[in-house]
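Input: a single structure, listed below in structure tokens.
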2 protein chains.
Amino acid sequence: MARIKGQGPTDKELAILKVLWAKGPSTVRQVNDEINKQEKTGYTTTLKLMQIMTDKGLLIRDDSTFKHVYEPAASAEDTENRIVGDMLDKVFAGSAEKLVMRALSAKQITAEERKNIRQILDQMED
Amino acid sequence: MARIKGQGPTDKELAILKVLWAKGPSTVRQVNDEINKQEKTGYTTTLKLMQIMTDKGLLIRDDSTFKHVYEPAASAEDTENRIVGDMLDKVFAGSAEKLVMRALSAKQITAEERKNIRQILDQMED
DNA sequence: TGAATTTTACGAAACGTTTCGTATTTCATT
DNA sequence: AATGAAATACGAAACGTTTCGTAAAATTCA
């Protein structure tokens with residue numbers, strides 16, 4: 001049942017993961033309520049999605065109680081790294097430099113953010 | 001017929017665009033030959049895809065001659081910026097800093113690349 | 001206990017992408 | 001012009017995602 005292809009989570013799957021990362025282990029209702037703050041979605045739709053994500057290995061389900069509790073199988077950090085890594089290969093032929101350039105030009109960043117990025121670069125010099 | 005949603009090109013669409021960006025305006029056969037160097041794909045499959053991409057506004061077709069010639073409607077630069085911008089919003093809540101951090105940790109980059117990134121940051125200080 | 005409520009399970013429809021078979025059109029060669 | 005080769009057009013199937021209606025199961029509470 002485990003995920004085979006290298007494709008990352010879909011948009012809807014990512015929305016569910018973000019709720020779980022932010023709120024911690026949650027029931028379908030909790031996730032659906034949260035998602036409905038941004039976009040109206042039927043309860044069974046969210047349920048089905050989370051069941052499929054469990055089959056795929058994206059979520060872990062505790063069904064020892066009536067209201068099943070779900071949590072992400074992977075951390076936000078790992079998942080974000082994976083998504084960025086996929087895009088790196090797919091769009092930029094593996095060049096992190098090109099991706100960074102695009103990220104910087106795609107959105108105006110503040111002097112503060114530039115400073116933080118420099119610090120990260122400094123830390124990598126070792 | 002123009003594309004409505006903000007979604008970027010799909011994987012296959014991107015593969016076609018990359019060929020056209022690299023090789024310049026091309027026929028379906030030229031694109032299909034190029035794609036088949038990496039993955040076997042039927043000629044009519046590529047044809048259909050390029051026809052749909054034309055409908056979507058991703059490609060521009062010159063059908064004044066027998067062998068239609070296609071070219072991308074947008075530059076690689078614009079498309080890459082768009083893809084990164086979408087990911088920025090979708091995954092990183094608009095934080096370019098977070099995306100850059102992930103890009104740097106997703107792949108080992110060289111001292112040379114770090115230097116180039118610093119130069120980009122320097123240029124933004126004005 | 002029994003009725004109402006909440007949750008889960010299941011199946012299928014709607015949608016977009018990708019693939020390809022077949023028919024039609026256009027061109028090149030003789 | 002006739003034949004064969006190459007290209008395009010068309011339709012539909014296969015696939016995965018997303019949506020939801022309905023049924024079944026579990027829980028709550030009156």
Side-chain angles (χ1 to χ4, degrees), chain A residues 1-20 25-36 38-71 83 86 90, chain B residues 1-20 25-36 38-71 79 83 86 90-91:
Chain A
M1 294 308 161
R3 157 162 301 216
I4 302 163
K5 289 211 56 182
Q7 294 290 65
T10 66
D11 286 10
K12 304 289 180 176
E13 288 174 344
L14 183 62
I16 289 171
L17 286 171
K18 287 182 110 166
V19 171
L20 293 172
S26 307
T27 64
V28 172
R29 177 143 313 276
Q30 289 170 323
V31 171
N32 186 247
D33 285 350
E34 203 62 32
I35 283 179
N36 269 267
Q38 298 191 328
E39 183 188 9
K40 181 177 137 11
T41 303
Y43 173 85
T44 57
T45 300
T46 303
L47 168 67
K48 182 75 164 189
L49 227 14
M50 292 174 71
Q51 288 172 337
I52 291 173
M53 290 172 73
T54 303
D55 284 345
K56 285 181 179 176
L58 291 175
L59 299 183
I60 294 170
R61 172 175 54 198
D62 176 359
D63 52 5
S64 64
T65 54
F66 175 36
K67 302 182 183 181
H68 297 176
V69 175
Y70 294 78
E71 64 179 327
I83 292 172
D86 284 352
K90 199 173 66 184
Chain B
M1 301 308 155
R3 154 162 307 214
I4 301 163
K5 286 211 56 179
Q7 293 290 65
T10 66
D11 286 12
K12 303 290 179 178
E13 288 174 344
L14 183 62
I16 289 171
L17 286 171
K18 288 181 109 166
V19 171
L20 292 173
S26 307
T27 63
V28 173
R29 177 144 313 277
Q30 288 170 322
V31 171
N32 186 247
D33 285 351
E34 203 62 31
I35 282 179
N36 270 268
Q38 298 191 329
E39 181 188 10
K40 181 180 139 3
T41 304
Y43 174 84
T44 56
T45 299
T46 302
L47 167 67
K48 182 75 165 188
L49 227 14
M50 292 173 72
Q51 288 172 336
I52 291 173
M53 289 172 74
T54 303
D55 284 344
K56 286 181 178 176
L58 292 174
L59 299 183
I60 294 169
R61 172 176 54 198
D62 175 1
D63 52 5
S64 64
T65 53
F66 176 35
K67 303 182 184 182
H68 296 177
V69 175
Y70 294 78
E71 64 180 327
T79 304
I83 292 172
D86 284 352
K90 200 173 66 183
V91 182

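Lettering follows sequence order; numbering is per chain, from 1.
- Under the 4.5 Å side-chain criterion, counting only non-hydrogen atoms from C-beta, B:Met50 is not in contact with B:His68.
- Considering only side-chain atoms of A:Thr44, the nucleotide from D:dT8, D:dG21, C:dT18 that sits closest is D:dG21.
- Within the 4.0 Å cut-off from OP1 or OP2 of C:dG16, not a single side-chain nitrogen or oxygen of B:Thr10 is found.
- Comparing C:dT17, D:dT27, C:dT19 by their nearest atom to the side chain of A:Phe66 picks out D:dT27.
- Between B:Ser64 and B:Val69, the closest side-chain pair of non-hydrogen atoms is not below 4.5 Å.
- Comparing C:dT19, C:dA9, D:dA7 by their closest approach to the side chain of A:Arg61 singles out C:dA9.
- Side-chain atoms of A:Glu13 lie closest to D:dT18 of the nucleotides D:dT18, C:dT18, C:dA9.
- Counting only heavy atoms from C-beta outward, the side chains of A:Lys18 and A:Glu34 never approach each other to under 4.5 Å.
- Comparing D:dC20, C:dT7, C:dA9 by their closest approach to the side chain of A:Leu47 singles out C:dA9.
- In this structure, A:Arg29 reaches the C:dT7 phosphate: one of its side-chain N or O atoms is under 4.0 Å from OP1 or OP2.
- For B:Gln51, counting side-chain heavy atoms from C-beta on, the closest listed nucleotide (D:dC20, C:dT7, D:dT8) is D:dT8.
- Side-chain atoms of B:Val91 and B:Asp86, non-hydrogen and from C-beta on, never get closer than 4.5 Å to each other.
- Look at B:Lys40 and you won't find any side-chain N or O under 4.0 angstrom from OP1 or OP2 of C:dT19.
- Taking atom CG of residue B:Asn32 and atom P of nucleotide D:dA6, one finds them 14 Å apart after rounding to whole Å.
- Residue A:Tyr43 has a polar side-chain atom (N or O) positioned under 4.0 Å from OP1 or OP2 of C:dT8.
- In this model, a side-chain donor or acceptor of B:Lys48 finds a partner on the base of D:dG11 within 3.5 Å.
- Checked against C:dT19, D:dA9, D:dT18, the side chain of B:Leu49 finds its nearest nucleotide in C:dT19.
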